[in-house]
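Here is the structure we will look at, set down as structure tokens.
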There are 2 protein chains.
Amino acid sequence: MIEIYMLVQLVAIADYGTMSKAAEQLHLSQPALSRTMAKLEDMMGVKLFTRGKNKVELNENGRLAVELARKVIDENEALVERVRAFDLSRRTISVCSCAPAPMWIIVPALSELFPEMKITGEMKYHEDFLDELTGGSCQLIIMPCEVEQEGILCRRFFEEQLYLSVPPAHPLAGYSEVHFDDLDGETMLLYSDLGYWHWVHRELTPNTKYILQSEYEAMNELIKASALPCFASDVTMNMRHGDVNRVNIPIADDAAKTTFFCCWRKENNRKFKALAKWLEERKTP
Amino acid sequence: MIEIYMLVQLVAIADYGTMSKAAEQLHLSQPALSRTMAKLEDMMGVKLFTRGKNKVELNENGRLAVELARKVIDENEALVERVRAFDLSRRTISVCSCAPAPMWIIVPALSELFPEMKITGEMKYHEDFLDELTGGSCQLIIMPCEVEQEGILCRRFFEEQLYLSVPPAHPLAGYSEVHFDDLDGETMLLYSDLGYWHWVHRELTPNTKYILQSEYEAMNELIKASALPCFASDVTMNMRHGDVNRVNIPIADDAAKTTFFCCWRKENNRKFKALAKWLEERKTP
DNA sequence: AGGGTTTACGTAACGCGTAACTATC
DNA sequence: GATAGTTACGCGTTACGTAAACCCT
């Protein structure tokens, strides 16, 4: 039987020109390689090399064999990759979220609902989510709007309300509500990985100067240490209610309030039954 | 490295249901097969079977792996086949002829011109010849007409003149020439594998009753033993000039005289240089 | 009890490395 | 002398078969 290792050695000769070079690259002795090729020729019943006393060259048969061998080797490697990927996808739930807050909430919940599954979360631009969902590269997506598409099931997740977080001494601290217009032109701290919210900020406060911070912990330190305004939300307020020296003022614009939706392919309904139940119960706690 | 023999064993399990059956079919012991599968799973880092104490079943990973393994195995076998076929085609010259006479002449000539090559000849319906030539399934074609096509080189081979062969006592025996019309309605002996000529006979003598004979030697015996008319040509007359008790009368119709042409792909010009020379010299011996 | 799988152990095959040889540049 | 390939020989890996144990139907 022609085995893969033979084809690998054959291709190496084509790639590196001589048996010696190929053997070196394969961490193999030349004699081993030479013998394998002799055996390969014997098994195929066809000469693959033109043999001079001192050199070996692939002949036409050999060149064809190399070309076909590459395909076999690639297929073989693809087999392993695809089976591994398939296995991984079977035992992981991958979530794509358009914003951080839904991920903070849903990832621990999924871990509890599906204790045997590995949960992976990623923040991306939500316009691509439907493709990723149908393409199979993720199984759950968190969208900032409802999705109505054949084959996709969409459930309301929760609503996030944005707040302005300022020190008590700040001019806006006394207001009971603010608008994005009030912030335009300010200098603010902003967590850089906000996904959908980032887009909202760019659109509605184009003249605000943002000091970006990508490290979440560092961001919290900055908020505590500086007097600069920043954003908060009902979710972050629940998480770090220890935020002293900060006044949180609700932002009144419609755009400061977003409802997130959790979607998956209908064929996964059975798999995500527990999640659907959890989302339903969450509505009226 | 995942080797082919492992994949073969894997698909055998899929094909025969259990390890025992598969092992039997592969002329292998179950333990060997069992161990190979364990090793395969180990190397892939993925479980391929659901293992009960007493039974083994392919799981989803396994089913995917089997599917992909089939492709790899097929590719691998195709590799050998294709390289062998290619090697064979490199050391053989295959001729497709529209009639037997050109083959009788060209095959021995080719054997002499290319002593290291194997010569294979085949008679087929000439309408398909150009496809076979461009498709690569043969390298020389003998046509009953000149071919003018891009990339095809066409050289005049020779002219064959048809004769009527009758016993001296036959009513037509005294004629210095005959026409196909004179034969219409006769009962004649006919070699069945005449290719182009067969078509000519069917067209021009539709009411003649032909007694077909596919064995060439048997045909010659019949000709000698019976009083039935048959066809001959200048070529056959040269070959079996020992034909006694037969009068050969030339057939005067245009269709009884055919010029054969020998064609090959222009990219083979170099290869068939000796043949071109031979054809040229043959014109004026 | 019988069929199916795995584990344990000894064996034989085989692919590999070292060394020696040949031939070319 | 350096490079490149083949042949010869011994070794270690490994895939295999046999035997036995396990377990379910």
Side-chain angles (χ1 to χ4, degrees), chain A residues 1-63 65-66 69 72-73 76 80, chain B residues 1-63 65-66 69 72-73 76 80:
Chain A
M1 182 131 45
I2 311 270
E3 293 294 345
I4 295 287
Y5 77 94
M6 299 173 170
L7 302 181
V8 169
Q9 296 184 18
L10 175 68
V11 169
I13 293 178
D15 287 343
Y16 298 108
T18 71
M19 285 203 182
S20 312
K21 299 248 181 64
E24 192 184 337
Q25 293 291 331
L26 293 174
H27 306 291
L28 215 68
S29 65
Q30 297 114 328
L33 211 158
S34 173
R35 266 175 292 129
T36 303
M37 291 303 100
K39 167 175 268 192
L40 186 61
E41 283 182 313
D42 184 54
M43 288 196 298
M44 303 231 298
V46 161
K47 289 270 164 263
L48 300 175
F49 303 91
T50 59
R51 292 161 190 279
K53 274 298 183 185
N54 190 26
K55 69 160 180 272
V56 155
E57 225 178 358
L58 285 162
N59 64 16
E60 286 189 70
N61 295 334
R63 284 194 288 275
V66 166
V72 176
I73 295 168
N76 197 44
V80 182
Chain B
M1 183 132 44
I2 310 268
E3 294 294 343
I4 295 287
Y5 77 94
M6 298 173 171
L7 303 181
V8 169
Q9 297 184 17
L10 175 67
V11 305
I13 294 177
D15 286 344
Y16 299 107
T18 70
M19 285 202 183
S20 311
K21 298 250 181 64
E24 192 183 336
Q25 293 291 332
L26 293 174
H27 306 290
L28 216 69
S29 65
Q30 298 112 329
L33 211 157
S34 174
R35 266 175 291 137
T36 304
M37 291 303 100
K39 167 174 267 190
L40 186 60
E41 283 181 313
D42 184 54
M43 287 197 298
M44 303 230 299
V46 161
K47 289 270 163 264
L48 300 174
F49 302 91
T50 58
R51 292 159 190 279
K53 275 299 182 183
N54 190 25
K55 70 160 179 270
V56 156
E57 225 178 356
L58 286 161
N59 63 17
E60 286 189 69
N61 294 334
R63 284 193 288 275
V66 166
V72 176
I73 295 168
N76 197 44
V80 182

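Worth knowing before you read on, the calculation uses all heavy atoms, side chains too, and leaves out hydrogens, waters and symmetry mates. Just so we're on the same page: letters track the sequence lines, and every chain starts at 1.
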(message) The test is side-chain contact (heavy atoms from CB on, under 4.5 Å); show your working for Val8(B) and Leu26(B) and say whether it passes.
(response) CA-CA 9 Å; Val8(B) 169; Leu26(B) 293 174; 4.1 Å; yes

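Panel note: side chain Gln30(B), backbone Ala23(B); no donor-acceptor pair is recorded below 3.5 Å. Side-chain atoms of Glu3(B) come within 3.5 Å of backbone atoms of Tyr5(A) as a donor-acceptor pair (strictly under, hydrogens ignored).
When rounded to the nearest whole Å, the span between CG of Leu40(B) and P of dA15(D) equals 11 Å. Here the P atom of nucleotide dT14(D) and the CD atom of Glu3(B) are 12 Å apart, to the nearest Å. Rounded to whole Å, atom C1' of dA15(D) lies 16 Å from atom CD of Gln30(B). Distance, Met43(B) CE to dT14(D) P: 10 Å, rounded to whole Å. The distance between atom CE of Met1(A) and atom P of dT14(D), rounded to the nearest whole Å, is 18 Å. Here the C1' atom of nucleotide dT13(D) and the CG atom of Leu28(A) are 14 Å apart, to the nearest Å. The CE-P distance, from Met19(A) to dG5(D), rounds to 6 Å in whole Å. If you measure from atom NZ of Lys47(A) to atom P of dT6(D), you get 11 Å, rounded to the nearest angstrom.
Where DNA chain C meets chain A (any atom under 4.0 Å from a heavy atom), the bounding nucleotides read 5' to 3' are dG15(C) to dT24(C).
In terms of position along DNA chain C, the nucleotide closest to Thr18(B) lies nearer the 5' end than the nucleotide closest to the other residue of the pair Pro31(A) and Thr18(B).
Across all strands shown, Ser29(A) has heavy atoms under 4.0 Å from base atoms, whether or not it also approaches the sugar-phosphate. Residue Glu24(B) is out of contact with every strand shown, counting any heavy-atom pair closer than 4.0 Å. Within the 4.0 angstrom heavy-atom criterion, no nucleotide atom of any strand lies near Glu57(A).
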Give every donor-acceptor pair under 3.5 Å between a side-chain atom in residues 46-56 of chain B and any protein atom, sequence neighbours left out.
unit_1	atom_1	unit_2	atom_2	d
Thr50(B)	OG1	Glu57(B)	O	3.4
Arg51(B)	NH2	Glu41(B)	OE1	2.3
Arg51(B)	NH2	Glu41(B)	OE2	3.4

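In this structure, the side chains of Glu60(A) and Arg63(A) come closer than 4.5 Å at one or more pairs of heavy atoms. No side-chain heavy atom of Ile2(B) sits less than 4.5 Å from a side-chain heavy atom of Val72(B). At a threshold of 4.5 Å between non-hydrogen side-chain atoms, the residues Asn76(B) and Asn76(A) do not count as touching.
Of the listed residues (Val66(B), Leu33(B), Thr18(B)), just one forms a side chain to side chain contact (heavy atoms under 4.5 Å, CB included) with Ile13(B), and that residue is Leu33(B).
Of the candidate nucleotides dC23(D), dA4(D), dT6(D), dC23(D) has the atom nearest to the side chain of Asn54(B).
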Distances under 3.5 Å between nitrogen or oxygen atoms of protein and nucleotides 9-12 of chain D:
none

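For dG5(D), neither phosphate oxygen OP1 nor OP2 lies less than 4.0 angstrom from any side-chain nitrogen or oxygen of Ser34(A).
A pairwise comparison of heavy atoms in Met43(A) and Met1(A) identifies CE-O, 3.7 Å as the closest pair.
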